[in-house]
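The analysis underlying the following values was restricted to heavy atoms, covering all of them including side chains, and did not include hydrogens, waters or symmetry mates. As the structure lists them, so they are numbered: ligands from 1, and atoms in each ligand from 1. In what follows, residues are counted from 1 in the order of the sequence shown.
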Amino acid sequence: MAVENASGRALRVGIAGLGTVGVGVVRLLEENRDILLQHCPWPIEVTAVSARDRRKNRDVDLSKYDWCDDPVALADHPKVDVVVEVIGGASGPAKALIEKAIANKKHVVTANKALLSAHGTALARSAEQAGLALAYEAAVAGGIPIIKSMREGLAANRIEHVYGILNGTCNYILTQMRETGREFADVLGEAQQLGYAEADPSFDVDGIDAAHKLSILTAVAFGCEVDFAGIRISGIRNVSAMDIEYATELGYRIKLLGLSRLTERGIEQRVHACMVPQNALIAKVDGVYNAVVTQGNFVGQNVAIGRGAGQGPTASAVVSDLMDIARGRILPAFSAPAETLKKIPAAPEGSHVGPFYLRMMVVDRPGVIAEVAAIMRDENVSLESMIQRSRSPGDRVPVVFTTHETSQAQVTRVVEKLGKVSAVVEPPHVMSIEQLS
Ligand code: HSE
C-alpha cells in the first residue's frame, strides 16, 4: 500500500544534516535508484536539505534541492513528506525539528540515539497519535537491521534478554589492545589519528553511546518506556593490557557490552567492560563490528553482526526506514504502541549476580593473600581460581581472583574493604564474567 502524499508521485524527503550520514543518504538514493524503484511503489526523492555551511564541498551535487539554512524550516516545507534528522544531539535543533515535523504531519526518520534515549517515549506517543512514523533503524548498531528484526521477525517471542557490542570504537580499541599488547591510551591516540575515534572520545569510551542504544533496545525488547537513567554505565578507560592478558589466560575475551534483562526485581540494564568466554559467538566479533544477541522464548538465540557506523551502513539503515514509509509500513516506534509501554523500574543497584574477576596489585610479603582471602570469606564470596606467579619480595605483584556466583553488591563491599588493606596498593580492577554462549 503506497502512502498518500501531497504530490501523489513520490515520497519527498527533507534531510537535516549533511555530514557523513546525510551525504550517504543522498548518495544511496541516487546510486541505488533502480533497486529502490524495484522495491518501492513510489520513488523516494530528496527535495530539500539543510546544513550549517552551504559552501562546503561535500562531493555530491546538492544544487537540485531546496536549501534551508534553518533545519527546523524543513518541518514547514511544502514539498517534504518525511524529515530525515541526522544532525544529532539530545536537544536543540534536532528535537525542535522532530517535534515540529510531527506537529505538521510529516514522518520522521532519525539516527539520533541520544535524543531517543532522552525523549523517545514522548516522541513515539506524539508520532503514533498523529499516525506518523518515527523510524530510527540507524540509531542502534548502524547497518544491523536490529530494530526491524525485533519489531517484526522476532515479534512473536517473549524476549528474555538482549545484549550486544554496541560501540565500534570501543570494540576496535579492545581488539587492538589484545592483538598488540598495548595500553588503552596508546591505542586510543592512534585510533584518533586514524579517524576511528572522535577528538573527544568520551561518549564512546565512557559507554554513553552504547547506553543510548541499549536504552532503545530495552524498550523494544520488553515493551517498556525508555529508561536511560536506569542503566549502570562504565566504559573501557580502566581496562589495562594486563587484564587483557589475564583474560586470555583464563579463556576469556574482554568486550564492552550493553546487557539488558527483565528480572523479578525490575529491568537490569548494564553497559561495562566484561569478560566473555572466548568461544562465545560475541567474543569473535572484533574490530569496528557491532553485534546484537537476542534470546526469544520460541526462537532461541539470534545473533546479528554488522557494521555499526560509517556512511554506507548508516545510510542503508536510514533508507530502509524511508522504504518502509514509502511502502506504507508504519509500525509503533518501540513495537508495542507507545500508550501501552510499561514503566518498569530499574533492578536495584548491585543486584546483578554472576562470577567476577578481581585483579589487584599487592605487596609481595607473607600473609597478604590470607588477609585478602579473609575479606572474601567475610563477605561470603566463594573463589573459583587464583593466579599469583610473580615473585618480587617487598615489591608490587599482581594477584588475580575469579569468583563463583556473587552479587555486585558483595563485590562492591569486598573492594571497599580491600581499599583499607595497606598491602593492596591500588584500587582493584573488577569485571563481571558473563557466561554467554
Ligand atoms: N561512535 C559510534 C561507534 C557509532 O563507535 O560505534 C555511532 O553511534
Visitor: Can you confirm whether more than 12 heavy atoms, excluding those of E249, are under 6.0 Å from its CD atom?
Guide: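 Enclosed: over 12 neighbouring heavy atoms sit under 6.0 Å from CD of E249.
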Visitor: Please confirm whether K213 comes under 4.0 Å of ligand 1, counting heavy atoms of the residue only.
Guide: yes
Visitor: Is it the case that more than 12 heavy atoms not belonging to R182 sit under 6.0 Å from its CZ atom?
Guide: yes
Visitor: Other residues, nucleotides and ligands only: do more than 12 of their heavy atoms fall within 6.0 Å of CD on E405?
Guide: yes
Visitor: Is there a nitrogen or oxygen of N290 sitting under 3.5 Å from a nitrogen or oxygen of ligand 1?
Guide: no
Visitor: Check whether more than 12 heavy atoms from other residues, nucleotides or ligands sit under 6.0 Å from atom CZ of R58, and answer yes or no.
Guide: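 Counting other residues, nucleotides and ligands, CZ of R58 exceeds 12 neighbours.
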Visitor: To which protein heavy atom is atom 6 (O) of ligand 1 closest, and what is the distance rounded to 0.1 Å?
Guide: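 For atom 6 (O) of ligand 1, the nearest protein heavy atom comes out as G168 N, 2.7 Å.
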Visitor: Regarding Q269 and D227, is there a side-chain donor-to-acceptor distance under 3.5 Å anywhere?
Guide: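 No pair is found: no donor N or O on one side chain lies under 3.5 Å from an acceptor on the other.
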Visitor: Only heavy atoms of K113, strictly under 4.0 Å: list the atoms of ligand 1 that pass.
Guide: 7 (C), 8 (O)
Visitor: Between the side chains of R359 and E426, is the shortest nitrogen-to-carboxylate-oxygen separation below 4.0 Å, so that they form an ion pair?
Guide: yes
Visitor: Enumerate the atoms of ligand 1 whose separation from the nearest heavy atom of A309 is less than 4.0 angstrom.
Guide: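 Those atoms are 4 (C).
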Visitor: Angle class for the H352/F356 ring planes (parallel below 30°, perpendicular above 60°, tilted otherwise)?
Guide: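 Geometry flag for F356 against H352: perpendicular rings.
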Visitor: Identify, for atom 5 (O) of ligand 1, the protein heavy atom at the shortest distance, and state residue, atom and that distance.
Guide: T169 OG1, 2.4 Å
Visitor: At under 4.0 Å between heavy atoms, is it the side chain or the backbone of D209 that contacts ligand 1, or both, or neither?
Guide: side chain
Visitor: Heavy atoms only: which of V140, V288, I165, D204 lies closest to atom 2 (C) of ligand 1?
Guide: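 Considering heavy atoms of V140, V288, I165, D204, the nearest to atom 2 (C) of ligand 1 sits in D204.
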Visitor: Is ligand 1 under 4.0 Å from a heavy atom in the side chain of E198, in the backbone, in both, or in neither?
Guide: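 It is neither part, as no heavy atom is under 4.0 Å.
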